[in-house]
Every structure is written in structure tokens, then in C-alpha cells.
Amino acid sequence: MSPQPASVSSTILDVLRTVVGAPGETVVPLHAPTFTARDAELVQDCLASTFVSSVGQYVDRFEAALAAYTGSAHAIAVVNGTAALQVALTLAGVQRDDEVLIPALSFVATANAVAHCGAVPHFVDSSVQTLGMDPEALERYLSGVVQLTPDGARNRLTGRRIAAVVPMHTFGHPVEMVRLVEVAAQFRLVVVEDAAESLGSTHRGQHAGTFGQLATLSFNGNKIVTTGGGGAILTSDPTLAQRAKYLTTTAKRPHRWAFEHDAIAWNFRLPNLNAALGCAQMERLPALVARKRELARRYQDALDGCDGVTFMREPEDTCSNYWLNTVMLQTAEAGERELVLQATNDAGYQCRPVWRLLHTLPMFAQCPRADLPVANRLEATLINLPSSPSLVEP
Ligand SMILES: *Cc1c(COP(=O)(O)O)cnc(C)c1O
């Protein structure tokens, strides 16, 4: 009699033990930040300056570091990634009752930002290779749905204007942006990249978040670089950059003492204290990316040749930050994914399913959408593995 084939759960558990080691007293988290003496030094310096809030040099320094690292001409730091996306969409011209194309497979913030503009998320499918928007599928879909008018793209079915498209670089893997930008131009859609997960990732050597008219980053505690909470808007357009700063800082006209505000605006600026942490973290970003890529290489090697499960490698022509390592189960059978989640979490490894597809959430259930065969399969079969940079020695 031939031996029973190992279950996928035990295969993945073996891989976790090999790559991550045995869990200690506490669970191995999905993603934990790392802090050094340098982080403490800059935060302490900020405290000592007393400029912890809306005035101080660290915001400018952090923005300059982001621009230099990504190759974006401008970076505007804000309170979080969701606010960044809401402002970027507004600057992109998204108005009440417009539709905005977003992937059904994304974090809820992408759809929330659209809704906060009074606009309607319009969900599209993803690619098995990149886990993000598929430009070819998008082109086919829009050819059927869009009517081009002097006013831009119109949805034939709902009558609403489709104003923008928001590709999201899932778990750090870049979307095929060169092609996506072409498709967007064909349908006269503004491209706003949700690059919240992809600081440190490139497509054809160009940083994620520098392909669209605008892009947004997040520095939440679980992202590759954290400021506690924070976000940024990237753009190469100086007018949009100036407007982003102005609208996120109460639309105040510069004056030594007068309170001159001439638009309804947001208080979305990133506090100087958070920016101080961001400056220290940005110094370490290249090292963090290197560690995360090394962790991904170890997972990939350990999973090589395993039955029933595939490691999701970076797409062709890209260099991913591998923010979250991801495996795909071969079978989409209900139950298989839950078994793996149960076994790994029971053993002390914080593994997670991907997000529920956004169109299945109650507040977005009525939104327009494409057929989502790939997104449905990805939702049923993807699992994220522990991905902290601290899992690799510096
Ligand atoms: C983290 C994240 C955001 C925004 O996050 P904040 O918590 O608001 O900083 C937006 N989109 C995606 C895909 C994200 O992962």
C-alpha cells in the first residue's frame, strides 16, 4: 500500500517550521514592525523640539525621502492611506455620482475612499499572475460597458460617468502598469494607484505609484514602513501637489498671524511626531525590502515541488517588496482553506485569508461590477503567511 499523501495543512505547517521556526510563547504575527535605536532617537528629538504636531521639519524631510526613494517628483504626507486616497480621487476630478473602477479583491479602504467622495465603486476582476487588475480583461470589459462621450466615459447600463480607475498592487506585487495606463487612456480614465502595500516595489524598474496621475501610500503599523498611522499622496504634477498640500492643511493662505482660509478643506496633515518615525524608517527601507525578499525566497524554496499549494511569486518584469507572502491552494473546494487556517493558527502561526470580495460587503452589494471569476477563485484559495522582516536576521 502506498502511504497517504500529506495533507496540504501539514505541508504548509512543515514549510512554516522550516522557514519561520517554532513559535515561542506568543503566536508568530502576520506582520509586525521593527524598531531600532534610530527610530527612538528621531522621535525623542521631535519630542525635545516640542514641535510634535502641525509645525516642524520632519514632515518636509519625510516627504523628501519618499519622493527621492520612489522617484516621484512630489510626496504629500497625510494622516492615513484612506484619507490619502480620498484626497487623490478628489484631485483626479472624481465627483458625486461618478463611478470609479476598483478591484473587487482589495482592502475595504479602497472602496471606502471612493464612497467618501460621494462616488460609486465599480468592481472589476483581477489577474492570477499579479493578483491585481488585469489590463486585458479590463479592456474587454470596458469595450462592452463604456460609451465615450465629450464628457468622458459613460457606463451604458447606469448612465453614470466613469471618472477614474484605481489599480491596487496586492501584497506588494505590481500591476502591469504600462499596459493598464494605455487601457485607461483609451477610455479617458484618470489613473490613481492605491500603492498602500507596495512601497519598495517596481514594475520594469519604475516604482509602483509613479505610473498614474496620482498614487497613495499607507504607513499603518502593518505596512513595510510605519509612522504609527500615516499615508502619502504621490504625483509628478506640481499643481496637483500644491493643491494636495493646501486641501489637506485647512486651505490656509500663508500669513504670519492671520487665519485666512479660502476653501472648505481637510485637516489631514501628518503630525510631525509621526513623520519623525517615518524619517528613521525610510533610512532602513532598502534593508527592510532586502530582508522581505530573502524571506520570500526561503518560502519559495521550501514550497518548491510541494503538492496542492503554490507560492505566489512576483510577476514578470517586476521586483516586489513581498509585503505579505502568499500561497495559493490548488483546490477551491470549500473547507480546504478553513482547514489550513485552522491548523496553522492552532499551531501558533498567524496565517490569514485574503479580504472578502468587496461587492459581497453589505454597503457595496448594490454597486456595479464585472464578472469576477478570477477574484472569486483567488478569494477561495489565497492564504497569507507570516511576513515580518524580523523573521530574517538583519
Ligand atoms: C493599508 C491599505 C490602505 C489604507 O490604509 P490606512 O490604514 O488608511 O493607512 C488602503 N488600501 C490598501 C489596499 C491597503 O492595504
Side-chain angles (χ1 to χ4, degrees), residues 29-33 62 66 75-90 92 94 100-117 119 121 123-124 126-127 130-133 164-175 177 180 191-201 208-209 212 214-234 244 248 266-271 274-275 277-278 281 292 312 320-326 352-359 361 364 375 378-379 382 384 387:
L30 183 66
H31 194 285
F62 184 48
L66 290 170
I76 299 89
V78 297
V79 281
N80 60 53
T82 311
L85 192 52
Q86 184 189 339
V87 174
L89 290 168
T90 303
V94 172
V100 175
L101 300 159
I102 69 171
L105 183 72
S106 186
F107 179 54
V108 69
T110 316
N112 283 342
V114 172
H116 285 313
C117 295
F123 300 110
V124 297
S126 298
S127 142
T130 67
L131 309 180
M133 264 183 201
V165 57
V166 182
M168 192 278 283
H169 309 294
T170 312
F171 309 136
H173 290 356
V175 167
M177 282 308 297
L180 190 119
V191 177
V192 178
E193 297 173 71
D194 182 345
E197 305 182 353
S198 52
L199 183 60
S201 300
L214 294 139
T216 58
L217 302 172
S218 167
F219 312 111
N220 189 34
N222 64 350
K223 298 302 201 299
I224 188 162
V225 156
T226 186
T227 58
I233 299 165
L234 303 180
T248 54
W266 292 287
N267 173 19
F268 279 173
R269 76 170 83 235
L270 185 72
N274 301 72
L277 181 55
Q281 294 260 306
K292 291 179 73 64
M312 300 308 290
S320 175
N321 68 4
Y322 281 100
W323 173 55
L324 289 186
N325 289 283
T326 313
R352 289 289 178 263
V354 293
W355 313 284
R356 252 186 65 182
L357 297 187
L358 295 173
H359 72 286
L361 301 178
F364 300 123
L378 293 174
E379 183 194 32
L382 294 186
N384 292 129
S387 298

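As the structure lists them, so they are numbered: ligands from 1, and atoms in each ligand from 1.
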Using a 4.0 Å cut-off to any heavy atom of [X], which atoms of ligand 1 qualify?
| X | answer |
| --- | --- |
| Asn80 | 8 (O), 9 (O) |
| Lys223 | 1 (C), 2 (C), 14 (C), 15 (O) |
| Met168 | 13 (C) |
| Gly230 | 9 (O) |

Notebook entry, point to check: So, is Trp355 polar-close to ligand 1, with some N/O to N/O distance under 3.5 Å?
Noted result: no
Notebook entry, point to check: Which of these passes side chain to side chain contact (heavy atoms under 4.5 Å, CB included) with His169: Ser201, Ser320, Pro174?
Noted result: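 That would be Pro174; it is the only one of Ser201, Ser320, Pro174 passing the side chain to side chain contact (heavy atoms under 4.5 Å, CB included) with His169.
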Note to self: Going by side chain to side chain contact (heavy atoms under 4.5 Å, CB included), Met312 matches just one of Leu131, Asn325, Thr170. Which one?
What the structure shows: Leu131
Next item on the list: Establish, from distance only, whether the side-chain atoms of His31 and Ser387 form a donor-acceptor pair under 3.5 Å.
Entry: no
Of all the non-hydrogen atoms in the protein, which one sits nearest to [atom], and at what distance?
| atom | result |
| --- | --- |
| atom 3 (C) of ligand 1 | Ala196 CB, 3.6 Å |
| atom 11 (N) of ligand 1 | Asp194 OD2, 2.8 Å |
| atom 15 (O) of ligand 1 | Glu197 OE2, 2.6 Å |
| atom 8 (O) of ligand 1 | Thr82 OG1, 2.5 Å |
| atom 5 (O) of ligand 1 | Ser218 OG, 3.4 Å |

Next item on the list: Report yes or no: does a heavy atom of Ala84 sit under 4.0 Å from some atom of ligand 1?
Entry: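 Ala84: no contact with ligand 1 (<4.0 Å).
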Any side-chain heavy atom of [X] within less than 4.5 Å of one from [Y]?
| X | Y | result |
| --- | --- | --- |
| Trp323 | Asn222 | yes |
| Gln86 | Trp266 | yes |
| Asp194 | Leu85 | yes |

Margin query: Centre-to-centre under 6.0 Å for Phe171 and Trp355, is that the case here?
Written below: yes
Note to self: Any side-chain to backbone donor/acceptor pair from Thr326 onto Leu324? Under 3.5 Å, distance only.
What the structure shows: yes
